[in-house]
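To start, the structure itself, in structure tokens.
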Number of protein chains: 2
Amino acid sequence: MSRASEQAYATIRAHLVSGAVSPNEQLTEDQLAQIAGVSRTPVRDAVRRLEDELLLVRSDTKRLFVADWSRDDIEEMFALRQMLECHAAERAAQRLSRAQIADLETVNRTLKEAIEQPAPDVARFLEANRAFHDVIIDAADSPRLAQMLAKLVEAPVVLRTARNYSLDDLRQSARDHDELIAAFAASDADWARAVMGSHLRRAFHTFARAVGPAEAQKP
Amino acid sequence: MSRASEQAYATIRAHLVSGAVSPNEQLTEDQLAQIAGVSRTPVRDAVRRLEDELLLVRSDTKRLFVADWSRDDIEEMFALRQMLECHAAERAAQRLSRAQIADLETVNRTLKEAIEQPAPDVARFLEANRAFHDVIIDAADSPRLAQMLAKLVEAPVVLRTARNYSLDDLRQSARDHDELIAAFAASDADWARAVMGSHLRRAFHTFARAVGPAEAQKP
DNA sequence: ATGAAAGTTATTGTATACAAAACGCGCTCG
DNA sequence: CGAGCGCGTTTTGTATACAATAACTTTCAT
């Protein structure tokens with residue numbers, strides 16, 4: 001994307017994720033333009049993307065509001081992600097080249113290094129984790145699938161959730177990745193799907209635990 | 001959406017679907033603005049939507065081209081649709097109200113009427129078919145799922161494929177719908193999923209037959 | 001002839017001014 | 001007292017002019 005438009009997107013997104021605004025708060029394009037330091041034109045571009053990600057929503061009369069994600073929303077997104085990414089794993093198992101499998105191994109080595117530190121480097125872990133999943137999605141060779149997943153994968157990051165992953169959680173992830181690699185090496189689509197399924201389902205529960213158990217949501 | 005922007009979207013989409021342009025042909029925003037009779041601003045809006053639907057694609061340097069869908073693309077979309085819509089059927093089975101089930105029955109009655117004519121009214125069939133699936137997707141109560149499906153469901157319509165559905169195809173669809181309704185009435189999610197799966201899979205083969213068997217695609 | 005560099009044209013991106021639509025508020029009239 | 005109606009204000013939508021970038025063409029050196 002072009003400079004101003006990309007700038008607007010990044011700035012606004014950061015602004016939303018930072019928690020500087022509260023759910024259901026109204027925003028105007030002018031405000032956002034000021035925040036991003038560009039004119040309304042690229043802001044409107046950015047807003048459309050953020051609407052697509054459901055970080056912003058529009059009232060029936062086109063006014064902009066900060067989205068309010070309920071626990072149901074989060075569960076929905078995890079469910080969809082699981083469904084799609086299991087499919088991706090299945091396809092990837094039938095398509096991954098040797099080189100790509102080697103890439104996965106390298107990435108997962110990096111991921112383990114990020115964990116096994118005096119203090120685990122969570123940012124690096126997340127980055128490697130993302131790279132790992134990206135290789136798989138890429139290998140699945142399904143542009144629409146990739147497009148859909150891109151939206152869903154970003155989501156958890158969005159919630160300013162304490163990243164209180166335990167060391168065990170991180171290590172289990174790494175082991176899941178190892179098993180995925182094994183499944184890929186064996187070109188066993190069923191195996192890959194199953195491992196991906198449990199990998200993501202566990203991630204959901206870890207996440208749900210962190211974000212708080214199913215509370216009664218908003219009055 | 002606002003008037004000009006919606007106008008642009010509809011006009012350009014019709015233009016693309018009509019076959020007046022060929023795949024990989026370059027388009028400029030100016031051309032499209034002229035065609036739609038509005039300025040470039042709303043055209044850019046429309047173009048983004050069409051990009052999202054993958055009817056238009058951009059080169060690495062932002063130039064616009066008519067998308068070229070391969071058979072693989074079509075298979076991909078059917079596979080994704082099947083996955084998502086089976087999920088929708090499952091959720092719908094747990095959520096549909098009596099009133100909604102009654103709606104499904106009404107819609108399917110309309111659908112049958114459209115078939116059982118001297119000459120089957122395909123347009124009306126398609127409309128009813130769409131309404132039927134929309135009720136289910138709506139009942140699934142998953143906005144992101146709905147959003148994803150919206151893109152995929154439009155797709156087959158896009159291809160200027162001869163709608164040479166046979167009478168048998170149409171009748172089988174109606175029967176599938178009846179069975180779906182039965183599954184919903186019984187609140188049997190597994191049943192609903194299974195019926196939806198075969199319903200869509202058959203549709204794929206009907207479609208594939210119509211569009212021509214797996215040929216060697218472009219050189 | 002060939003390929004690189006500079007200049008020219010075509011195309012997309014951004015800012016700004018204005019138009020249209022929605023909102024809020026006070027007012028009137030029942 | 002309250003529901004509906006104008007009217008000024010706010011907010012979004014559109015057109016247009018201009019800036020930036022990419023594609024194309026010509027020229028010139030080798």
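In the text below, chain A, chain B and the rest are named by the order of the sequence lines, each starting its count at 1.
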> Is a side-chain N or O of B/Arg144 found less than 3.5 angstrom from the main chain of A/Glu76, in a donor-acceptor match?
Replying inline: no
> So, are B/Arg71 and B/Glu75 salt-bridged, with charged N and O less than 4.0 Å apart?
Replying inline: yes
>> I need the full list of salt bridge (Lys or Arg N to Asp or Glu O under 4.0 Å) pairs touching residues 98-107 of chain B, with sequence neighbours left out, sorted by first then second residue.
In response: none
> How long is the line joining CD of A/Gln7 and P of C/dG13, in whole Å?
Replying inline: 16 Å
> Does some side-chain heavy atom of A/Val66 sit less than 4.5 Å from a side-chain heavy atom of A/Asn24?
Replying inline: no
Enumerate all atom pairs, one protein N or O and one N or O from nucleotides 11-15 of chain D, separated by less than 3.5 Å.
| residue | atom | partner | partner atom | Å |
| --- | --- | --- | --- | --- |
| D/dT11 | O4' | A/Arg63 | NH2 | 3.4 |
| D/dT12 | OP2 | A/Glu29 | N | 3.0 |
| D/dG13 | OP2 | A/Arg44 | NH2 | 2.0 |
| D/dG13 | O5' | A/Arg44 | NH2 | 3.2 |
| D/dG13 | O3' | B/Ser2 | OG | 2.9 |
| D/dG13 | N7 | A/Arg40 | NH2 | 2.7 |
| D/dG13 | O6 | A/Arg40 | NH1 | 3.1 |
| D/dT14 | OP1 | B/Ser2 | OG | 3.1 |
| D/dT14 | OP1 | B/Ala4 | N | 2.9 |
| D/dT14 | OP1 | B/Ser5 | N | 3.1 |
| D/dT14 | OP2 | B/Ser2 | OG | 3.1 |
| D/dA15 | OP2 | B/Ser39 | N | 2.7 |
| D/dA15 | OP2 | B/Ser39 | OG | 2.8 |
| D/dA15 | O5' | B/Ser39 | OG | 3.4 |
| D/dA15 | N7 | B/Thr41 | OG1 | 2.7 |

>> If you count every heavy atom of other residues, nucleotides or ligands that lies below 6.0 Å from B/Gln94 atom CD, does the total exceed 12?
In response: yes
